[in-house]
Amino acid sequence: MDYKSEIAAKLAEITGLESEQVYKLIEIPPQVEMGDFAFPCFTLAKTLRKAPPMIAADIAGDERLASLDALTAKNVGPYVNFFIDRSYYAVNTIDSILKAGDDYGFDNEGEGKNVIVEYSSPNIAKPFHVGHAFTTIIGNSLAKIYTKLGYNVIRMNHLGDYGTQFGKLITAYRLWGDENALNEDPITELLRIYVKFHEEEKKDPSLTDSARENFKKLEDGCEEEVALWKKFRDMSLVVFDKLYKRMGMEFDNYNGESYYAKMADDVANMLKEKGLLVESEGAQVVDLEEYGVPPCIILKSDGTTIYATRDIAAILYRHETYNFDKNIYVVGTPQALHFKQVFSVMKKAGFDYADNCVHVGFGLVKFKNMKFSTRDGNIVLLEDLLNEAVAKTREVIEENSKARGQDMTAEQIDEIAEKVGIGAVIYTYVKSGRERDIVFSWEEMLDFEGDTAPYLMYTYARIKSILRKAAEQGLAPASEEDKISILTSDEEYNVIRTLADFPDAVKKAAASNEPFMISRQIALIARNFNRFYNNSSILNADSEEQKVARLALCEAVADTLKSGLDLLGIGVVERM
RNA sequence: GUUUGCGUAGCUCAGCAGGAUAGAGCGUCCGCCUCCUAAGCGGAAGGCCAGCGGUUCGAAUCCGCUCGCGAACACCA
C-alpha cells in the first residue's frame with residue numbers, strides 16, 4: 001500500500017503537474033498533529049500567481065480528493081496535509097506484519113541477482129582486534145540486508161594470506177618457533193615471533209635476506225615452505241572461525257590474496273595486450289588521468305605484481321564465477337583511492353561491470369589519545385571485548401534476576417548474557433553512519449542504556465513475557481480486521497507508523513549500504529513502544545477487545561524488532 | 001603541496017535530492033515501581049547548525065571563500 005504515490009497521482013491530476021514531480025515534493029510533516037503526508041504549495045505560487053495558502057485551500061477543497069481511500073486532506077497555511085485513517089492504517093500494517101512474522105521487511109527486488117559482499121578479510125597470523133570488527137559487522141549486516149531483499153548473496157572473506165611477511169614468519173618460526181605454544185594459541189605465538197623478527201632484524205640484516213628467500217620459495221611452490229604457510233593459515237582460520245561462529249556468521253568463500261596472486265600475471269599480460277601498460281620510473285602502470293586519479297601500478301620495477309593487480313584478478317574471477325549484479329567491498333575509507341584506481345583500470349580496459357563494483361568504506365576505530373598499533377601492542381582484541389561485555393551483562397542479569405525473583409538457571413543466564421553482551425558490542429558499530437570514526441571507550445561499549453542493543457532486546461523480551469502471560473490466560477493476539485481497527489490512540493498510532501516505515505528503511509539501508517538506517521528505525525519503534533507500554537496497560541486493559549488488539553500490536557513490534565536486529569547481526573532473547 | 005572527508009546541545013550522533021517551532025541517546029537536575037520485567041517512562045536545563053558571503057519566497061541542508069581537525073597521495077595491503 002503506497003499512500004504517497006496515490007496522493008501524488010491525485011494531486012497531479014488536480015494541479016496539472018507531473019505525478020513524479022509531485023511525488024518528490026510530498027514530505028512527512030514534523031509533527032503528528034500535522035498528519036502523515038504534506039504537500040507544500042510554494043512552487044505553485046509562481047505559475048498560478050496566487051499566494052501559497054490560497055492554493056493550499058483550493059486543493060484541499062477540491063472534491064476529486066474525496067476518491068482517495070482512507071485519506072482526508074486539510075489545508076494548514078501553505079501546506080495541504082493528508083491524514084490517513086488510523087483504523088485502516090492499523091489493520092493494514094499489523095496484518096502484513098503478522099503474516100510475514102519475523103521475516104517482515106522482505107522484498108523480492110533482488111530475485112535472480114547475485115551480490116558479492118567482501119568483508120572481514122583479516123590478515124592471517126595476526127590478532128583480530130576491535131578494528132577488524134568494523135568491516136566484519138558492517139559486512140555481515142549488509143549480507144543479511146541484501147538477502148532479505150531477495151538477492152543471492154555470496155559472502156567472501158578476502159584473507160590477507162600473501163606477501164613478504166610470510167617469508168619473515170617462516171624464517172622466524174625456524175629460528176624461535178615453539179611448536180607447543182603454536183598449538184596452544186597460534187595467533188599469540190605467531191605474533192610473538194613476528195615481533196621478535198622485527199627486533200632482531202635491526203641488529204642482523206641477514207634476516208631480511210632469509211625472509212625474502214623464503215617468500216620466493218613460497219611463491220615458487222617449494223614444499224616445505226608451502227607446508228608451513230598452509231599450517232599458519234589453517235591454524236589462523238580455526239581461530240577466526242571460532243570468533244565468526246560466536247558472532248553468528250559464516251562465509252561462502254575464503255579465497256585470499258594468495259589465491260588471486262596466481263592469476264595476477266595474466267592480468268598484467270592482458271593489460272599489456274590492450275596497450276594500457278606504460279613504463280614509469282621503472283614500473284609498469286596504467287595511466288588514469290582521464291578518470292582524475294593517479295596512475296595505478298600493475299608491475300613493480302622488479303617485475304612482480306602488487307595488490308592492485310591481485311584485486312583486478314579477483315574482479316575478473318568473480319565476474320566469471322558469479323556474474324555479479326553488484327560487487328561490494330567493505331574496506332576502510334583510507335583505501336578509497338586504491339579502489340577508485342582499480343575500478344578505473346577495469347573501466348579503461350573495457351569491462352563495463354566495473355560500474356557494479358562499489359567500495360563501501362567505514363571509519364577508524366581509535367583510542368582517545370592513542371594510535372592503534374599491532375606492533376606496539378596497544379590494541380584491544382575483539383574476543384576480550386566480547387568477553388568483557390558478556391561478563392558485565394551476566395552481572396546485570398544476576399542482579400535483576402534476584403531482585404525480580406526470577407528462577408533462571410546458570411545455563412540460561414550464560415546463554416542470555418552471551419547474546420546480549422555480543423549484541424551490545426555489535427550495535428555500537430551499526431548505530432551511526434559507517435564513515436564515522438569510532439573512538440573506542442570501554443564505558444560506551446559497556447553502556448546498556450538508551451540507544452543500545454540491550455535496550456532493544458529488553459523491549460523484545462518484555463513483549464515476549466506479556467505474550468506468554470496472555471497465552472496462560474487463554475488470550476491470543478487479535479487477527480481479525482475489525483478487532484485490530486480499534487488501535488487508534490496517539491501512542492498506538494505512533495508505534496504503527498514507525499512499524500509501517502520499516503520495509504522502507506530496509507530498502508534504504510541496501511541502497512546506501514548503511515546498516516544504521518535499520519538500527520535507527522528499530523530504535524524508534526522501541527522508543528515509541530516503550531512509551532505506549534508505560535502509559536497503557538495491555539493485559540489489564542479495560543476490555544477483552546482492547547487486550548487482544550494490543551496483543552496484536554505487541555506481536556507486530558516483536559516481529560519487527562527481531563527482524564531488524566537480525567539484519568544487524570544481533571539475536572534476541574525471550575527473557576532477560 | 002594536491003585530492004578528499006568532516007565541523008549540529010557538555011559528550012556521542014541523526015537530520016543535508018532546500019521548506020512549518022533544528023531532533024535522539026548519554027551526562028546533569030527533578031519526578032514515576034500496592035498494576036504486564038525500572039536494561040523502562042515522564043519533565044527541566046542545554047544550540048548564532050565552525051565563520052563570512054552568494055543563490056532562493058525560504059538554507060543546518062545547495063555554491064564560493066576562510067578557519068580548525070583527519071585521511072589518502074606509486075613500487076606495503
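All chains are named by letter (A, B, ...) in the order of the sequence lines, taking the proteins before the strands, and each is independently numbered beginning at 1.
For the pair Tyr533(A) and rA38(B), the criterion of a side-chain N or O lying under 4.0 Å from OP1 or OP2 is met. Using a 4.0 Å cut-off, some side-chain N or O of Arg520(A) falls inside it from OP1 or OP2 of rG15(B). Asn400(A) has a side-chain polar atom (N or O) that falls below the 4.0 Å cut-off from OP1 or OP2 of rA39(B). For Arg531(A), no side-chain nitrogen or oxygen approaches OP1 or OP2 of rG40(B) to under 4.0 Å. Residue Arg436(A) places at least one side-chain N or O under 4.0 Å from the OP1 or OP2 atom of rA14(B).
Here the side chain of Ser280(A) is nearest to one of rA74(B), rC73(B), rC41(B), namely rA74(B). Checking rA71(B), rU37(B), rC75(B) against every side-chain atom of Lys300(A), the shortest atom distance belongs to rC75(B). Here the nucleotide nearest the side chain of Phe516(A), chosen from rA71(B), rC75(B), rA14(B), is rA14(B). Considering only side-chain atoms of Val285(A), the nucleotide from rC36(B), rA74(B), rA38(B) that sits closest is rA74(B). In this structure, of rA38(B), rG40(B), rC75(B), it is rC75(B) that holds the atom nearest to the side chain of Ile297(A). For Glu281(A), taking side-chain heavy atoms from C-beta onward, the closest of the listed nucleotides rA20(B), rU37(B), rC75(B) is rC75(B). Among rA77(B), rA38(B), rA20(B), the nucleotide with an atom closest to any side-chain atom of Val76(A) is rA20(B). Nearest nucleotide to the Gln406(A) side chain, out of rA74(B), rU37(B), rC57(B): rU37(B). Checked against rC75(B), rA39(B), rU12(B), the side chain of Ile397(A) finds its nearest nucleotide in rA39(B).
Taking the C1' atoms as reference points, rC6(B) lies 11 Å from rA50(B), given to the whole Å. Of the P atoms belonging to rG1(B) and rU66(B), the separation is 11 Å, rounded to the nearest Å. Only the C1' atoms considered, rU61(B) is 4 Å distant from rC16(B), to the nearest whole Å. With both ends at atom P, the span from rG68(B) to rG10(B) equals 22 Å, rounded to whole Å. If you take atom P in rU34(B) and the same atom in rC48(B), they sit 42 Å apart, rounded to whole Å. Separation of the C1' atoms belonging to rG53(B) and rA59(B) is 13 Å when rounded to the nearest angstrom. If you take atom P in rG7(B) and the same atom in rC63(B), they sit 14 Å apart, rounded to whole Å. Nucleotides rA24(B) and rC62(B) place their C1' atoms 26 Å apart, quoted to the nearest Å.
Judged by a 6.0 Å distance limit and a 45° cone about the ring axis, Lys348(A) is not positioned over the six-membered ring of Tyr291(A). Judged by a 6.0 Å distance limit and a 45° cone about the ring axis, Arg434(A) is not positioned over the six-membered ring of Phe134(A).
With hydrogens and angles left out, the side chain of Tyr307(A) and the base of rA77(B) share a donor-acceptor pair within 3.5 Å. Donor-acceptor pairing under 3.5 Å, judged by distance alone, is absent between the side chain of Ser537(A) and the base of rC35(B). Taking only distance into account, the side chain of Thr459(A) never meets the base of rA39(B) through a donor-acceptor pair shorter than 3.5 Å. No N or O donor and acceptor, one from the side chain of Asp451(A) and one from the base of rA14(B), sit under 3.5 Å apart.
Rounded to a whole Å, the CZ atom of Phe448(A) is 19 Å from the P atom of rA38(B). The separation between Leu364(A) atom CG and rG70(B) atom P is 12 Å, rounded to whole Å. Rounded to whole angstrom, the span from the CZ atom of Arg434(A) across to the P atom of rG5(B) amounts to 14 Å.
Taking every heavy atom of both residues into account, Val380(A) and Trp442(A) meet most closely at CG1-CZ2, 3.7 Å. The shortest non-hydrogen separation linking Pro294(A) to Leu337(A) is CD-CD1, 3.9 Å.
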Test side chain to side chain donor-acceptor pair (under 3.5 Å) applied to Glu219(A) and Tyr162(A), step by step: CA-CA 9 Å; Glu219(A) 268 202 295; Tyr162(A) 184 86; 2.5 Å; yes
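Tyr427(A) and Asp451(A) form a side-chain donor-acceptor contact under 3.5 Å, judged by distance and modelled atom types alone.
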